[in-house]
Structures are given as structure tokens and as C-alpha cells.
Number of protein chains: 2
Amino acid sequence: MTDTKTALLDSAERAARTRGIDGFSFADLSLEVGIRKPSIHYHFATKGTLTLALVQRYRIQMDVACVDIDSANPTGGARIAALVAVYRQALNGGTSLCLCVALSASRESLPAEVITQIGLYRQTMITWLVDAFAAGQSDGSITDLRAPQDEAPATLSLLEGAQLSARAAEDVAIFDAATRLLLARVS
Amino acid sequence: MTDTKTALLDSAERAARTRGIDGFSFADLSLEVGIRKPSIHYHFATKGTLTLALVQRYRIQMDVACVDIDSANPTGGARIAALVAVYRQALNGGTSLCLCVALSASRESLPAEVITQIGLYRQTMITWLVDAFAAGQSDGSITDLRAPQDEAPATLSLLEGAQLSARAAEDVAIFDAATRLLLARVS
DNA sequence: GTCTATATGTGGATAGAC
DNA sequence: GTCTATCCACATATAGAC
């Protein structure tokens with residue numbers, strides 16, 4: 001049985017990822033969680049605070065996911081493929097985005113701290129990707145490999161762009177088409 | 001001297017691309033264009049109508065841009081490089097997105113017709129990209145070339161994702177880092 | 001075509017009781 | 001911690017005069 005704060009975060013994350021940060025209100029959370037609108041302010045003073053908590057929790061979750069990928073996949077190529085699967089999973093059949101993409105979109109309605117956190121998230125992912133590509137360089141599990149520090153940001157942008165366009169059309173096939181080439185290199 | 005309708009579209013496009021479709025109101029347009037809020041409804045019945053006009057005009061502009069690229073650049077590689085430049089230009093120094101990316105983000109607040117238009121836009125771009133990559137296949141202006149029908153969607157997603165992350169950090173260097181590998185293949 | 005005046009809804013947020 | 005009641009700002013949109 002989850003506590004109210006966690007339930008609010010869960011509801012807010014689902015809402016933000018499917019409808020955007022401007023696409024949900026405290027009234028929506030109130031309905032889903034089952035407490036009155038003003039009670040939300042007891043847990044999160046402002047919507048900005050709530051969003052900050054959201055992105056901080058998300059960063060931790062993704063750090064864990066990356067560690068899990070590393071321990072489950074010995075080769076660099078397999079790690080990249082696993083990350084593609086994570087981003088594909090976040091699409092939820094074409095109905096949602098990962099939190100980072102969802103928030104980046106509505107940048108103007110975010111507190112500065114949230115924007116900072118988004119930048120930190122991307123930096124973490126790029127560092128992880130550089131390591132994964134470097135591993136692929138050593139173990140030969142990735143074909144046509146260029147400099148890992150160039151492959152990494154290109155791959156992150158590819159995944160985010162693929163997610164965005166697939167979500168727009170509500171069609172996972174668009175994500176698959178966009179990532180086909182990358183997956184062919186690592187499998 | 002532009003007419004009021006065009007001025008409204010210009011103002012709305014700038015606003016949508018920098019702050020998102022939920023990030024501007026008729027009050028903002030009213031201030032910029034210099035007519036009262038309700039007068040906007042004379043030109044566009046609803047905000048949805050305005051958005052539809054926006055994306056239709058955008059599609060035409062991009063069609064023209066693609067034709068211009070083709071006539072100015074003989075090789076497939078040069079055409080891809082020119083499209084990258086168009087997407088980089090749309091970033092406006094890290095302060096705005098292309099309309100397609102900006103609208104895709106706030107999908108839930110869009111009329112169905114607008115979503116259809118966004119899908120058509122992406123289809124047009126992918127068709128153009130397939131042709132450009134195919135041209136590169138013939139003229140040898142692109143290295144490490146795989147199937148054009150796989151390269152095309154990957155490239156569009158890369159450009160959109162690169163734009164999104166660069167805009168989030170308000171830093172064009174992030175766009176450049178993400179597109180470095182692609183540009184190295186075509187230059 | 002543009003105006004004033006207004007309707008109507010909804011947003012986030014606060015005060016204070018329990 | 002959660003409630004009721006309420007505030008205030010702002011959103012899109014309409015009615016009707018000029």
C-alpha cells in the first residue's frame with residue numbers, strides 16, 4: 001500500500017508523460033489519488049516542486065536501470081540494444097514519452113532547477129553511452145563504430161526523436177523504423 | 001505591410017515554437033499584433049483552427065525549402081547537410097524548435113486534424129530523405145551508406161531529437177554534437 | 001474588421017477548521 | 001493530513017455595438 005506522496009508522484013508522472021506538464025492539473029491528480037485538490041499542496045507546495053521531485057526520482061530510476069543493463073549485458077552492443085528497449089518500453093504502445101522528452105517540450109513552464117536536472121539527466125545518459133560504445137569498441141560487438149564521444153550524443157538524440165515522432169502518431173512502428181539501423185549495428 | 005491574418009500566424013508560430021502551443025494565449029498575440037483579444041476570433045474561430053492554419057502553412061514552407069535545397073545542391077550528401085542546416089537554423093540559437101517538434105510535444109491539446117498534418121509532414125520529409133540518400137548512393141557522396149529507407153527515418157528522428165535536447169539546454173552546441181557523425185558522413 | 005463588455009471555465013494557491 | 005471555502009489570475013470564447 002503506497003503512501004499518498006508516492007501515489008501523487010506516480011499519477012503526476014503518468015500524466016506528464018502522456019499529456020505533458022501543462023496537460024494535467026491538480027484536479028486530475030486529485031481525482032486519481034482520491035484526495036482533495038488543496039491537500040496536494042501539503043505534499044508539494046507548488047506544481048514546480050512536484051515537477052522537481054518527479055525529475056529527481058526519474059534520474060535515480062534511470063541510474064538504476066543503467067546499472068541493471070550493465071550487469072545483465074556483457075557486451076557494449078548488447079547494452080545499447082537494451083537501452084533502445086528501455087526507450088521503446090517508455091513509449092507505452094505509443095501513448096507516452098519518457099519524462100525527459102516530455103518535460104523538454106514544455107520547457108517554458110518549468111522552474112530553472114528542473115531544467116538543470118534535465119541537463120544532468122542527459123549528461124548522465126551520454127556518459128553511460130560513451131562507456132557502452134567504448135566497450136563495444138573493445139569487444140567488437142558494434143559494427144561501423146566511430147568515436148564513442150560522437151556516437152553517444154547522436155544515439156541519445158535518435159532515441160528521443162524516435163520516441164517523439166512515434167508518440168505523435170501513436171504508432172510504435174515509427175520508433176522501430178527510426179532505430180532499425182542502430183539495432184542492426186549492435187545485433 | 002502584412003495583413004492582420006499573416007501577422008497573427010507569424011506571432012503564433014514564433015510563440016508556439018519558443019513556448020509551446022499551451023505556452024501562449026490569445027492575449028499574447030493581441031499584444032504583439034496590436035488588436036484586441038476577441039478580434040482574433042474573426043480571423044481564426046478557435047485556437048485549434050489557428051493551429052491548423054499554422055501547420056498547413058509550415059508544410060508548404062518546408063516543401064519549398066526542400067525544393068530549394070534540391071536545386072542548390074547536386075549531390076545527395078550536400079542535400080542532407082543542407083537539411084541539417086535548416087534544422088539548426090530553426091533552433092534560433094537554442095531558443096526555439098521547428099513547429100513539428102514543438103507541436104508533437106503537446107499532442108494532447110491538439111485537434112485531430114493537426115495531428116494528421118504533423119504525420120503528413122513527417123511522411124513528406126521521410127520521402128524527401130529517402131530520395132536524398134538514394135541520390136547519395138548513386139553519386140557516392142555519403143560514406144557508410146545503408147538502405148535509404150532505413151537511413152531516412154533515423155535521420156529525421158536524429159534531427160528532431162537533437163533540436164529538442166539543444167533547446168532544453170538553450171545550447172546549439174548540443175545540436176552540433178548530436179549531428180557531428182552524420183555531417184562527417186556527408187562532407 | 002475591430003471594438004467593449006461579458007460569459008464561463010479552470011488554473012494554481014491560500015486560510016483556517018478539524 | 002485532509003478537509004471546505006474561497007481567492008485571484010487567466011484561459012478561450014461569445015454577444016452585440018460601431
Side-chain angles (χ1 to χ4, degrees), chain A residues 1-57 99 102-103 105-115, chain B residues 1-55 57 102-103 105-115:
Chain A
M1 176 165 168
T2 62
D3 60 312
T4 307
K5 195 161 187 169
T6 305
L8 284 169
L9 283 172
D10 290 345
S11 178
E13 178 173 334
R14 204 167 26 244
R17 288 177 46 189
T18 57
R19 308 195 295 274
I21 202 74
D22 295 324
F24 78 95
S25 71
F26 278 25
D28 299 323
L29 305 185
S30 169
L31 276 172
E32 269 208 18
V33 174
I35 63 172
R36 292 300 190 157
K37 233 187 351 163
S39 306
I40 301 173
H41 290 278
Y42 170 79
H43 301 283
F44 303 100
T46 68
K47 196 177 183 181
T49 313
L50 169 61
T51 311
L52 184 58
L54 223 50
V55 66
Q56 283 170 335
R57 186 177 75 156
L99 192 62
L103 293 183
S106 30
R107 187 189 188 281
E108 287 293 302
S109 23
L110 301 176
E113 303 90 354
V114 173
I115 295 174
Chain B
M1 177 161 165
T2 62
D3 61 311
T4 306
K5 196 161 186 167
T6 306
L8 283 169
L9 284 172
D10 291 345
S11 179
E13 180 174 333
R14 204 166 26 242
R17 288 176 47 189
T18 56
R19 308 195 294 274
I21 202 74
D22 296 323
F24 78 95
S25 70
F26 279 24
D28 299 322
L29 305 185
S30 168
L31 276 172
E32 269 208 18
V33 174
I35 63 172
R36 292 299 191 160
K37 241 189 339 173
S39 306
I40 301 173
H41 291 278
Y42 171 80
H43 301 282
F44 302 100
T46 67
K47 195 177 183 179
T49 314
L50 169 61
T51 311
L52 184 59
L54 223 49
V55 67
R57 188 178 74 155
L103 292 183
S106 31
R107 187 188 188 280
E108 287 294 301
S109 23
L110 300 176
E113 304 91 352
V114 173
I115 294 173

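Lettering of chains follows the sequences in order, A, B, ..., and the numbering in each one begins at 1. Reckoned from all heavy atoms, side chains included, excluding hydrogens, waters and symmetry mates.
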> Rounded to the Å, how far apart are A/Lys47 NZ and D/dA9 C1'?
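In whole Å, D/dA9 C1' and A/Lys47 NZ are 15 Å from each other.
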> Can you tell me which nucleotide in C/dA13, C/dT2, D/dG1 comes closest to the side chain of B/Tyr42?
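My answer, after comparing the listed nucleotides, is C/dT2.
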> Starting from the 5' end of DNA chain C, give me the residue, B/His43 or A/Asp28, whose nearest nucleotide shows up first.
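Residue closer to the 5' terminus by nearest nucleotide: B/His43.
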> Both conditions, 6.0 Å and 45 degrees, for the charged tip of A/Lys5 above the ring of A/Tyr42: are they met here?
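Pair A/Lys5/A/Tyr42 does not count as cation-pi.
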> Please state how far atom CG in A/Asp22 lies from atom P in D/dT12, giving the value in whole angstrom units.
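The distance from CG of A/Asp22 to P of D/dT12 comes to 12 Å, rounded to the nearest Å.
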> Consider only side-chain N and O atoms of A/Asp22 and A/Ser109, and report whether a donor and an acceptor are under 3.5 Å apart.
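Yes, because at least one side-chain N or O of A/Asp22 sits under 3.5 Å from a partner of the opposite role on A/Ser109.
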> Which pair of heavy atoms, one from B/Ser11 and one from B/Val33, lies closest together, and at what distance?
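Minimum heavy-atom contact is CB-CG2, 4.0 Å.
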> Less than 4.0 Å between a side-chain N and a carboxylate O, is that true for B/Arg14 and B/Asp28?
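No, no charged N to carboxylate O under 4.0 Å.
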> OP1 or OP2 of C/dT2 sitting under 4.0 Å from any side-chain N/O of B/Thr4?
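So the side chain of B/Thr4 is within the cut-off, an N or O lying under 4.0 Å from OP1 or OP2 of C/dT2.
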> Whole angstroms only, please: what is the CG-C1' distance between A/Leu29 and D/dT2?
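To the nearest whole Å, that distance equals 16 Å.
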> Near DNA chain C, which residues from residues 34-41 of chain A have a heavy atom under 4.0 Å away?
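Output list: A/Lys37, A/Pro38, A/His41.
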> In this structure, how many angstroms lie between the P atom of C/dG9 and the CZ atom of A/Phe26, rounded?
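From A/Phe26 CZ to C/dG9 P: 23 Å.
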> Looking only at heavy atoms, what is the nearest atom pair of B/Leu110 and B/Leu103, with distance?
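Looks like CD1-O, 3.4 Å.
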> Looking only at atom types and distance, does a side-chain atom of B/Lys47 sit under 3.5 Å from a main-chain N or O of B/Ile21, one as donor and one as acceptor?
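Checking the backbone N and O of B/Ile21 against the side chain of B/Lys47, a donor-acceptor pair under 3.5 Å is found.
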> Select one nucleotide: of C/dG11, D/dT2, D/dT12, the one nearest the side-chain heavy atoms of A/Ser25.
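Of the candidates, C/dG11 comes closest.
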> Within the 4.0 Å heavy-atom criterion, would you say B/Phe24 contacts the bases, only the backbone, or no part of the nucleic acid?
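Answer is sugar-phosphate: B/Phe24 comes under 4.0 Å of backbone atoms only.
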